[in-house]
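Counting starts at 1 for both ligands and their atoms, following the listed order. Below, each value reflects all heavy atoms present in this structure, side chains not excepted, and no hydrogens, waters or symmetry copies.
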Amino acid sequence: MAKHIFVTGGVVSSLGKGLTTAAVGLLLKRMGLKVKLQKLDPYLNVDPGTMNPYEHGEVYVTEDGAETDLDLGHYERFSGDFVTRDSNYTTGQIYQTIISKERRGDFLGKTVQVVPHVTDEIKRCVLKLADDETDVVITEIGGTVGDIESLPFLEAIRQLRYDLHSRNCLYMHLTLVPYIKAAGEVKTKPTQQSVGELRRIGIQPDVLIVRTEKALTDELKKKIALFCNVDREAVIVEKDVDHTIYEVPLMLIEQGLDELVAERLSLPVGRPRIRDWIDMVETVKHPRHRVKVAVVGKYIEHQDAYKSVYEALRHAGIAHKSKVEIVQLEAEELEKKNGVKGLAKIKPHGILVPGGFGHRGAEGKIAAIRFARENRVPYFGLCLGMQMAVIEFGRNVCGLTEATSGEFDPKSAQCVIDLMPDQREVTQKGATMRLGAYPCALAENTKARAAYGAEQVSERHRHRYEFNNQFREQYEHRGMLFSGLSPDGRLVEIVELADHPWFLAVQFHPEFKSTPIQPHPLFRDFIGAGLKYAKDHQDAGMVGTSSEARGPE
Ligand code: GLN
């Protein structure tokens, strides 16, 4: 029978609950257990697919095509295992299920209520992951304890301990111990109050993970344990990391969280095997080289909007024992203010245009891509970043001066990016997105094939528009290489330029499959090309292998 760990958060949001959940997942996996991770989100949207990245950050896409919370990205990057759509449920989804059942008459005339109907549905979503092959299910409850909307979730997990027996369930609560500068002290009161709030609804946490800026004294830990009614060794301190988020699991192991969980849940396992993880963290701490990548996007201000892209760039840096310095550029500013001059001033060693929706900033992205192509700066385009590269090449190389995307101007005669003919009739936009994993066949003697070292790969998608096949010949004739196609040859998946040091763009989202232990091959080669560019241009004042790059961040 699977055991359950429930992770809740208190005091404030954005404490890194998702990261901590992922780190615990890694520990248990490396102890030889089969672990499944899950996030329950209290908002009413059915999924984050329709939410603005400013609202919610990145939408993470799973293999099976679910649009989910970005914390699932942490789960996959840490555990190295793929999650599915069952790993993310929202209040909206839960209510949708209950209301459809009610309309079908499944409740046989009964009054449908939050308790027991909503709580039962939440329990069903948790238990769905607890199959015969799973040893531990870790369920993270979104939001902060004390919020009105997370109450049904907390009630459901309270009941689960009763249903499944206390020896099979463990409550982990993440809180903040703030440092008050004026008093020169850290304060435990918010933690006490948050635990009090949990106890009021019947949940006594077994483990407290306290987020702090500074290390805590033993005395303070004792105080927290005493007033929160947890064992002294169950107060785990998660201090802000110095170098990388990938230090978190090591910090938890140092304090014996792995042993504590194993003991509490009676799991017959040894300590985690994490040599490779330790080595990886060491690599991050002591980079040998430095490479500067400009990311030209539309939601640059929101630090979580391109989370997986930034992480994948860092992973690629690890593969080269290098630190990737990411310079974030707002595409619209590039378009309206100083154009590519601003970009040239930064002297990037690589330029990346990530995915996105809508016209805003498109011209800035196209200008940045032209700069990369003409100046032979390595370029990597992701999804919309590929579509923009195709438009740029159309306009400036193929003489298609009006080249555009059907997303921006559906009536244009030069929609080099467009809906596929069979999609054009479908009016309901939400129904037409290509989502999740699709195969891609790679052509011989291309950069894509060299990077992957395979004939066929599978990557995740999230888009409606595709390369318009009417223009394929014209593009090929002018030197664009279609190095990745759907196996039936119908859809263009990867384009590249043969006469450029590294110019490659993909219709999919490779960033979702990169992990620090297994950096994605395309990101790895992009950063490799960036390092080469930095080295070749050292005379031009580029920061390449300088001594400055050797110290910690
Ligand atoms: N907006 C584009 C499309 O729908 C690209 C989407 C993306 O970058 N994820 O095709």
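Of the protein's heavy atoms, R464 N, 3.0 Å lies nearest to atom 4 (O) of ligand 1. Among all non-hydrogen protein atoms, the one lying nearest atom 7 (C) of ligand 1 is C383 SG, 3.0 Å.
The residue among G356, A362, G355 with a heavy atom at the shortest distance from atom 5 (C) of ligand 1 is G356. For atom 9 (N) of ligand 1, the choice among R434, R462, Q507, M386 with the nearest heavy atom turns out to be R462.
Ion pairing between D71 and K17 fails under the 4.0 Å rule for side-chain N and carboxylate O.
Ring geometry, W502 versus F526: the interplanar angle falls from 30° to 60°, so the pair is classed tilted. Ring geometry, H315 versus Y246: the interplanar angle falls from 30° to 60°, so the pair is classed tilted.
In Q518, the CD atom is not crowded: 12 or fewer heavy atoms of neighbouring residues, nucleotides or ligands sit closer than 6.0 Å.
The ligand atoms of ligand 1 that sit less than 4.0 angstrom from a heavy atom of E407 are 1 (N), 2 (C), 3 (C). Listed by atom number, the atoms of ligand 1 under 4.0 Å from Y465 heavy atoms are 3 (C), 4 (O), 10 (O).
Within the 4.0 Å heavy-atom cutoff, H509 counts among the residues contacting ligand 1.
Taking the six-membered ring for Trp and the full ring otherwise, the centers of F503 and F380 sit at least 6.0 Å from each other.
Of the candidates E493, E76, E67, E76 is the only one forming a salt bridge (Lys or Arg N to Asp or Glu O under 4.0 Å) with R460.
Contacts between E466 and ligand 1, counted as non-hydrogen atom pairs separated by less than 4.0 Å, are absent for every part of the residue.
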